[in-house]
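Here the structure comes first, spelled out in C-alpha cells, and everything after it is commentary.
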There are 2 protein chains.
Amino acid sequence: MSVDADTFFSVLSHPMRLRSLVLIQQTDELCVCELTYVLDLAQPVISRHLAQLKHAGLLLSRRQGLWIYYRVNAELPEWVKQLIEVTTSGVASTSPYMDDLAKLKSMSDRPNQNCC
Amino acid sequence: MSVDADTFFSVLSHPMRLRSLVLIQQTDELCVCELTYVLDLAQPVISRHLAQLKHAGLLLSRRQGLWIYYRVNAELPEWVKQLIEVTTSGVASTSPYMDDLAKLKSMSDRPNQNCC
DNA sequence: ACTCAATATTCAAAAAATGATATATAGCAA
DNA sequence: TTGCTATATATCATTTTTTGAATATTGAGT
C-alpha cells in the first residue's frame, strides 16, 4: 500500500473523515447510508469523503447488492494500523465519537437486517 | 492540554509541520534557525507553522537569548504521545524524514555550539 | 424493457489554508 | 541610546479544499 505519513495525516484532517474512520474501525464495516445517518451529512458529501479515504489506501469497499460497505484496509503498514488503533481507542470515550457510535446502534432499519 | 483528535490531525496535515514535529521529536529540541536550514523554508513560514503546532498544544517553546527552542509537550495525553512516537518511528527510515535528520546533523554552526 | 433505490461523479461557487512581503518585537552588545 | 540578530506577526494575493446541486451509474425488481 502506498500510504505515506503525509497522505495519512492530510486525509484525516477533515473532522468528518476522522469520524468516519473511527466509526468504521469500531464496527468493522459500514455502508454509506449508515454513515449518512449518523454523521447527518448529504449523501454526496459522505461519498466523496469515503472516496478520499479509499484513494488514500485507508479503506476498502465491497458491494453487496445496492449497498457499498467500507472497511479499514487490513494490509496497511503496521505503524499505520497502530495509528488507527491508538486514535480510535484514544477518542472512543469522547465527543463526538462516543455519540456517533451510540447513534449508530440506535439506528433502526440498518441494512443487513433489512434495508437502509 | 486541550488536544482533541481533530486538532491533532489537522495541524499535522501540512507536510512541513509533520516534518518539523518528527524532527523535533527525534532531537528533543530545535530552534527556528535549525528548522529553517533543514526544511529550506523562509523564516516567517517556519515561524507560522511552529506557532500552529504550539497553539494546538503539541509543542512548547522556551527562549534562550535570541533563539527560541521548540520541544514536544511532555504533558500531552498518553494516546497523543503514542501517536507521535508511532509516527516518528514509522517514518524514520523513509524520505524525506531520514534526509532531514541527516541534513540537521551535517549542519555547521548550530546554536548551542556557537550560533546560527 | 422500465423504474426505483443506493451510491458515485461532475462542476461551479464558497471557504479555508498557504506563502511572499513587509513590518514588529525582543534581546544582546557597543 | 543605537544597531544588529533571531523570531514573530500582519496583510494580501494565490492556491487548495470543500460544498451544493445536478447528473450519472449500478444493481434489483417488475
Side-chain angles (χ1 to χ4, degrees), chain A residues 6-21 23-24 29-56 59-71 107-116, chain B residues 6-21 23-24 29-56 58-71 104 107-116:
Chain A
D6 233 36
T7 309
F8 179 81
F9 284 100
S10 39
V11 84
L12 290 181
S13 71
H14 190 290
M16 292 303 171
R17 287 195 294 268
L18 183 56
R19 285 166 72 180
S20 301
L21 181 75
L23 207 53
I24 292 170
E29 236 188 14
L30 285 179
C31 78
V32 179
C33 61
E34 292 171 311
L35 287 161
T36 303
Y37 173 79
V38 171
L39 301 179
D40 197 27
L41 288 180
Q43 174 268 318
V45 173
I46 289 280
S47 273
R48 257 187 329 230
H49 285 311
L50 291 172
Q52 287 176 258
L53 287 163
K54 182 178 176 178
H55 185 255
L59 296 184
L60 297 177
S61 63
R62 75 182 172 89
R63 174 182 282 277
Q64 178 178 318
L66 287 175
W67 299 279
I68 298 198
Y69 285 88
Y70 284 88
R71 65 183 185 282
M107 178 181 176
S108 51
D109 291 332
R110 287 176 65 186
N112 225 5
Q113 310 289 65
N114 206 348
C115 140
C116 278
Chain B
D6 232 35
T7 309
F8 179 81
F9 284 100
S10 41
V11 83
L12 290 182
S13 71
H14 190 289
M16 292 304 170
R17 286 195 294 269
L18 183 55
R19 286 166 72 179
S20 300
L21 181 74
L23 207 53
I24 292 170
E29 236 187 16
L30 285 179
C31 78
V32 179
C33 62
E34 292 171 311
L35 286 161
T36 304
Y37 173 80
V38 171
L39 302 179
D40 198 26
L41 289 180
Q43 174 267 318
V45 174
I46 289 279
S47 273
R48 245 202 336 248
H49 285 312
L50 290 172
Q52 288 177 257
L53 288 163
K54 182 178 176 178
H55 185 255
L58 299 191
L59 296 184
L60 297 177
S61 63
R62 73 181 174 89
R63 174 182 283 276
Q64 178 178 319
L66 288 175
W67 299 279
I68 297 195
Y69 284 88
Y70 285 87
R71 65 183 184 283
L104 175 66
M107 178 180 176
S108 52
D109 291 333
R110 286 176 65 186
N112 225 5
Q113 310 289 66
N114 208 344
C115 140
C116 277

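Within every chain, numbering begins at 1; the chains are lettered A, B, ... in the order of the sequence lines, protein sequences first and strands thereafter. Worth saying up front: this structure is predicted, and the values here are computed from it rather than measured.
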Any heavy-atom pair between the side chains of L58(B) and L12(B) that's under 4.5 Å?
yes
If only side-chain N and O atoms of H14(A) are considered, is one of them under 4.0 Å from the OP1 or OP2 phosphate oxygen of dT19(D)?
yes
Could you tell me the separation between the CG atom of L50(A) and the CG atom of L30(A), rounded to the nearest 0.5 Å?
9.5 Å
Are OP1 or OP2 of dT18(D) and a side-chain N or O of H49(A) less than 4.0 angstrom apart?
no
With the side chain counted from C-beta on, respond yes when E29(A) and R62(A) share a heavy-atom pair under 4.5 Å apart, and no when they do not.
yes
Which residue lies toward the 5' end of DNA chain D, R17(A) or Y70(B), if each is placed at its nearest nucleotide?
Y70(B)
Below 3.5 Å, does any donor atom in the side chain of R48(B) face an acceptor in the base of dG19(C), or the other way round?
yes
Against the side chain of L66(B), the closest entry in dT5(D), dT7(C), dT18(D) is dT5(D)
Residues M16(A), V45(A); criterion side chain to side chain contact (heavy atoms under 4.5 Å, CB included); working and verdict:
CA-CA 10 Å; M16(A) 292 303 171; V45(A) 173; over 6 Å; no
Closest of dA8(C), dT7(D), dT18(C) to the Q52(B) side chain is dT18(C)
Between dG19(C), dG27(C), dT7(C), which one does the side chain of C33(A) approach most closely?
dT7(C)
Taking DNA chain C as the partner, which of residues 39-46 of chain A come within under 4.0 angstrom of it by heavy atom?
Q43(A), P44(A)
Nearest 0.5 Å, please: how far is CD1 in I24(A) from CG in L35(A)?
5.0 Å
